[in-house]
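See below for the structure under consideration.
Note that this is a predicted model, so its numbers are computed, not measured. The analysis underlying the following values was restricted to heavy atoms, covering all of them including side chains, and did not include hydrogens, waters or symmetry mates.
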Amino acid sequence: MQIPIKRSLERVPGGLMVVPLFLGAILHTLFPNTATFFGSFTGALFNGALPILAVFFVCMGAGIDFRAAPAIARKGGVLLAAKVGVAAIMGVVFGQFLGESPVTSGAFAGISTLAIVAAMNDTNGGLYLALMGQFGRPKDAGAYAIMSLESGPFLTMVTLGLAGLSAFPWPTLVGSILPLLIGMILGNLDRDMRAFLSGAAPVMIPFFAFALGFGLDLAKIWQAGLLGIGLGVAVVAVTGAVLFVADRLTGGNGVAGVAAASTAGNAAAVPAIIAAANPAYAEAAGPATVLVAASVVVTALLVPLLTASVAARVGPERDPSAPVPDPVPQPATTAH
């Protein structure tokens, strides 16, 4: 007897990340002492998000190719700058009002500069590549090789520092990107290492998601309801508009830009990493994790619909490097 567990998880937007996250939160809410009770490897599995994430970023870095073609680097670089630039502006604006702490009461309870920046900083690569396979061109899909540099907490730390909030010492900043760089070096030196490491990255997602979820209390998760939906809609609307324009400026038709207006599943891990690096964000990390996880689901639902709509409006985009087809010969007409 076979039960299609993986296939069922994949039917849920961001399911391999979101479902284990909420399972961990349920277990923590009902049985908060489970990790202590079992200890040993089981306890480590419940509390070991950061070591798993460190290995995850090495594996993810291995899939980034240094030899991206100039067109791919140009497209990916502009989309990367646009996405991170929007997050930086939002960080500066909200940082002036909120600082490092979350809102503690009212309809916006739980929202923080950390949640906003983490949700806007990182694109859902799997979703982007799938949409480009249907609506884009090969070089648009290849642009994610550059955009994947968003992955991990490094750019979020830089953004929060630019916003005038608690800074991070340079060893912490270097340490946050070092696993990704090590993976990139290994993957580019040896294609066998690239295949070996990059293929392992998806396997780790449910494990670090579960460990992150075990640090959450479901009694507080209900607050992410409308607020989480609102954050996801804001990510699509704000970053989508800027990315659409950025894509047009690089010679695209805007479809690739809209397809990048999502929140990556691994972005839900960023608040915990930020809080571990700087305790000033400890209070904001729990609510931010929930809100960013909600944004993952909302953007995964909205971005495909918006991308299909834009693609239908602007029409197919021809790759300039593709050969122009010969004109179809017309049948000769006879004068009457």
Side-chain angles (χ1 to χ4, degrees), residues 4 6-22 60 63 72 75-76 78-80 82-84 86-87 118-148 150-151 201-202 205-206 209 224-226 228-248 250 252-268 291-319:
K6 182 173 179 289
R7 195 177 304 166
S8 300
L9 287 174
E10 289 172 339
R11 289 196 184 104
V12 179
L16 285 173
M17 172 77 190
V18 174
V19 173
L21 182 88
F22 281 100
M60 177 171 276
I72 291 176
K75 168 79 77 174
V78 169
L79 293 180
L80 171 67
K83 189 80 184 282
V84 174
V86 172
M120 291 192 170
N121 235 359
D122 200 348
T123 295
N124 186 327
L127 181 63
Y128 175 82
L129 292 172
L131 291 172
M132 287 302 93
Q134 185 172 359
F135 300 109
R137 300 172 297 177
K139 75 172 187 179
D140 293 329
Y144 188 71
I146 307 299
M147 294 166 63
S148 60
E150 301 164 340
S151 299
I205 294 174
L226 290 177
I229 293 172
L231 180 60
V233 171
V235 170
V236 175
V238 176
T239 66
V242 175
L243 288 164
F244 177 84
V245 174
D247 187 23
R248 297 292 292 241
T250 58
N253 60 2
V255 173
V258 174
S262 59
T263 301
N266 57 35
L291 288 170
V292 175
S295 182
V296 173
V297 177
V298 172
T299 59
L301 292 171
L302 293 182
V303 167
L305 298 176
L306 186 60
T307 303
S309 174
V310 171
R313 278 166 120 21
V314 301
E317 182 178 12
R318 192 183 71 81
D319 191 336

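Distance CG/N121 to CG/L80: 9.0 Å, rounded to 0.5 Å.
Pairing each heavy atom of A260 with each of T123, the nearest pair is O-OG1, 3.0 Å. The nearest pair of heavy atoms linking A261 to V235 is O-CG1, 4.1 Å. Summarising the geometry of T299 relative to G232, their closest heavy-atom pair is CG2-O, 3.5 Å, with the distance given to 0.1 Å. Contact detail for N253 and F244: the closest heavy-atom pair is O-CE1, 3.8 Å. Contact record, L243 with K83: CD1-CD, 3.7 Å, taken as the closest heavy-atom pair. Between V310 and V258, the shortest heavy-atom contact is CG2-CG2, 4.1 Å.
Every side-chain hydrogen bond (donor to acceptor under 3.5 Å, both in side chains) that T263 has, sequence neighbours left out, goes to S295. Residues passing the side-chain contact (heavy atoms from CB on, under 4.5 Å) test with S309 are R313, sequence neighbours excluded. With sequence neighbours excluded, the residues that form a side-chain contact (heavy atoms from CB on, under 4.5 Å) with V233 are I229, V298, L302. Qualifying side-chain contact (heavy atoms from CB on, under 4.5 Å) partners for V86, counting only residues two or more places apart in sequence or in other chains: M90, M120, V238, T239, V242.
With hydrogens and angles ignored, the 3.5 Å screen pairs no side-chain donor or acceptor of D122 with any backbone N or O of A264.
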